[in-house]
Visitor: 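Take a look at the following structure, please.
Numbered from 1 within each chain, the chains take letters A, B, ... in sequence-line order. Bear in mind the structure is a predicted one, so any value in this text is a computation, not a measurement.
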Amino acid sequence: MGLELAVSDGQAMDDHAARMQSPLAIRGMTVSYGQKPAIFSVDMTVAPGAMTAIIGPNGAGKSTLLKAALGIIAPLAGQTLVFGQPIRRQRHKIAYVPQRASVDWDFPTRVLDVVMMGLFPQLGLLRRVRAPHRAKALACLARVGMESFASRQIGQLSGGQQQRVFLARALAQEAQLYLLDEPFAGVDAATEKAIINVLKSLRDAGKTVVAVHHDLSTVSEYFDHVFMINTRKIAEGPLAEAFTERTLQETYGGRLAGAQMDQIGRALAAR
Amino acid sequence: MIRDALLFQLGYNATLVTLGAMLLGMAAGVGGTFLFLRKRALVSDAISHATLPGVGLAFMVMVAFGGDGRNLIGLLGGAAVSAALGLLGVAWLASRTRLAEDAAIGAVLSVFFGFGVVLLTMIQTMSAGQQAGLEGFLLGSTAGMLRSDAMIIAGAAALTLGLVLALRRPLTLAAFDPGFAASTGLNVARTDLAMMGLVLAVTVVGLKIVGLILIVALLIIPPVTARFWTERTDHVVVLSGVFGGGAAYLGAAFSAALPDLPTGPIIVLVGFAIFAVSLLLAPQRGVLSAVLRHRMFQRRVHLRQGLLALAQGQPIYEPLTLRLLRREGLALPDGVATPAGRARAGKALLDETRWQLVRQDPSFEAAAAHYDGLTPIETVLTVDQLDEIDQRLPQPHEVSRP
């Protein structure tokens, strides 16, 4: 914080401009469960049109940061700007994919119904679901390779298929900013590939993607920006600047095993 | 007599009561669905028991001001206020203390109910001369119900039903995926509160007909029954309304024809009968169909394993497998395949080999998901796709000797 006092006015102006243009700018976000802060005074300025991985050890506050930014949990302090405006007026520009394990998959609903939920904000309370809405939901399912499952009960799906249905629901929201909480957790290789292809196509269409990610060995293959967190922000920026051995050590402390470090070292070298 | 009641022939008042009960049953079934889906069904128990002190206090206040203590609007108003206090008590205990919601429900329910019983006893001793008739609120009673009472109940039930249907999308979203719901800007806490408020309205409206002890059944049994029949939220909502309305209509009609029977318990028993039938007979989730499906599946597995064993010339030890093969005329008692058995065995082996190839190829992922070891592959793949797979089959006659 002391450093910030020393920077010139010009630097502060640049920061301000970056925040106002960022699809997601978080300031001073602090959340505590009980007395111990889960995340403390975290600032984040997501680069537009980029794919950013939020990485950090278990319990570092990765998911908490996303949930607090979206107002799903109430922060102690902190504010979120979406494209320079308070989030409450920008909800329609955001699509959020929660952790798969956060819902009950025996809920009485079919795959297509889940995707239709992405259209609820535009349908409002009473507008009827019509053929174009259904067609749109089916098209979103097709993008994740799940169109032939449209009328299945969601409990019959495998973990990877459930994750793809969640992604299809986010696609139906036609957002500018996609926030995903551990989209690759516990999914099969085919699903991982399908998801990353969809995310890359979103980025290529100018959308911004932010994902909580836990597999360090694929960070440089899948993402172009990282945000590293361990209760506090450790580093943020393009891979080349922020994803270094030093920031990794700082984020994970002594908790990275030697083999993991080697693996990451190779990933860093391949960057 | 019962036939007359079912056909609304018992006169205007009884007909009105039956119709009111039916509307109430529909509102309870539809509103209870979202409570059930949100896994908060027991909250309704706390709400209903918390109505009792409100009924007693409202009676006392109305008598103290020289009015008629039995005025239904006054009594229901009192019930609503104390139920709301009970609901807030549960919410406060669950969110601000370390008590879990079930413990909070138990505490609030018993304290409010105990207080209510004390008040009712006091009222009985006070008004020894006149009948207060408040016991009717415990188990429901349509006997001696005024025409205006029935109109109030019917109107309020219809209004509640309309409100629940109007809010079905946010209620569904909050029940299935509260995190996603919040990310779209939906206020989940307020949605939950609206849901509780609707349940409270159903409870208060239903007090006179079903009684506070059993209104819970009308909120919970219909959605649970409906869940047996469908995998879709909107269908659960509609079916639950139909079951709830049907149970209430039948129950109210019975109790109008046989005035000695309390209305609430009859309605609940009718609801339970529908539940029991659904539990046993529902096509997908019912108990009978599950048993049958399991037996059929077991037989198909045994048959398939037996055929594969025949194809590969392996001995068959399992008695059930042998018995099935013999009954189908596929094998002789000593386990040797008949000509028909050899043909079926060859087909089974080809099927299994084709499936192996399909499951190894990621481009057939959608088809491979249908694999269960039993489904014939030609029901899943097109002729062209089968040809493509068959190109990759091992060709035994081309194997050359070294």
Visitor: Can you tell me which portion of A/L123 sits under 4.5 Å from chain B's heavy atoms? Options are side chain, backbone, both or neither.
Guide: both
Visitor: Got a second to check how far B/D234's CG is from A/D113's CG, nearest 0.5 Å?
Guide: 6.5 Å
Visitor: Chain B heavy atoms under 4.5 Å from A/D104: which part of the residue, side chain, backbone, both or neither?
Guide: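 Both parts, backbone and side chain.
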Visitor: Decide yes or no for A/F107 and B/T233: does some side-chain heavy atom of the first lie under 4.5 Å from some side-chain heavy atom of the second?
Guide: yes
Visitor: Does any heavy atom of chain B fall under 4.5 Å from the side chain of A/R152, the backbone, both, or neither of them?
Guide: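 For A/R152, the contact with chain B is made by the side chain alone.
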Visitor: Please look at A/L126 and chain B and tell me whether the side chain, the backbone, both or neither of the residue comes under 4.5 angstrom of a heavy atom of that chain.
Guide: both
Visitor: With a 3.5 Å distance limit and no angle check, can you tell me whether A/R110 reaches the backbone of B/R232 through a side-chain donor-acceptor pair?
Guide: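 Not at all, since once roles are kept as given, no pair shorter than 3.5 Å links the two residues.
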Visitor: Measure the acute angle between the ring planes of A/F166 and B/F176, then classify it against the limits of 30° and 60° as parallel, tilted or perpendicular.
Guide: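 Perpendicular: the ring planes of A/F166 and B/F176 meet at over 60°.
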Visitor: Can you say whether A/Q99 sits under 4.5 Å from chain B via the side chain, the backbone, both, or neither, judging by heavy atoms?
Guide: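 Neither part; nothing is under 4.5 Å.
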Visitor: Pick one of side chain, backbone, both or neither for A/T109, based on which atoms fall under 4.5 Å of a heavy atom in chain B.
Guide: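 Looking at A/T109, backbone and side chain both touch chain B.
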Visitor: Atom OG of B/S183 and atom CG of A/D181: how far apart are they, to the nearest 0.5 Å?
Guide: 11.5 Å
Visitor: If you count heavy-atom pairs under 4.5 Å between each of A/M146, A/R169, A/K67 and chain B, which one has the most?
Guide: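 Heavy-atom pairs under 4.5 Å are most numerous for A/R169.
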Visitor: Do B/T184 and A/M117 touch side chain to side chain, with heavy atoms closer than 4.5 Å?
Guide: no
Visitor: Is A/D106 paired with B/R227 through a side-chain N to carboxylate O contact shorter than 4.0 Å?
Guide: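 Here B/R227 pairs with A/D106 in a salt bridge, since their nearest N and O are under 4.0 Å apart.
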Visitor: Looking at chain A, which one of B/V188, B/V236, B/L173, B/L186 has the largest number of heavy-atom pairs inside 4.5 Å, strictly under?
Guide: B/L173
Visitor: Flag the pair B/R169 / A/V129 as yes when at least one side-chain heavy-atom distance between them is below 4.5 Å, and no otherwise.
Guide: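 Yes, at least one pair of side-chain atoms sits under 4.5 Å.
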Visitor: Give, as side chain, backbone, both or neither, the part of A/V114 having an atom under 4.5 angstrom from any heavy atom of chain B.
Guide: side chain
Visitor: Can you say whether A/R88 sits under 4.5 Å from chain B via the side chain, the backbone, both, or neither, judging by heavy atoms?
Guide: neither
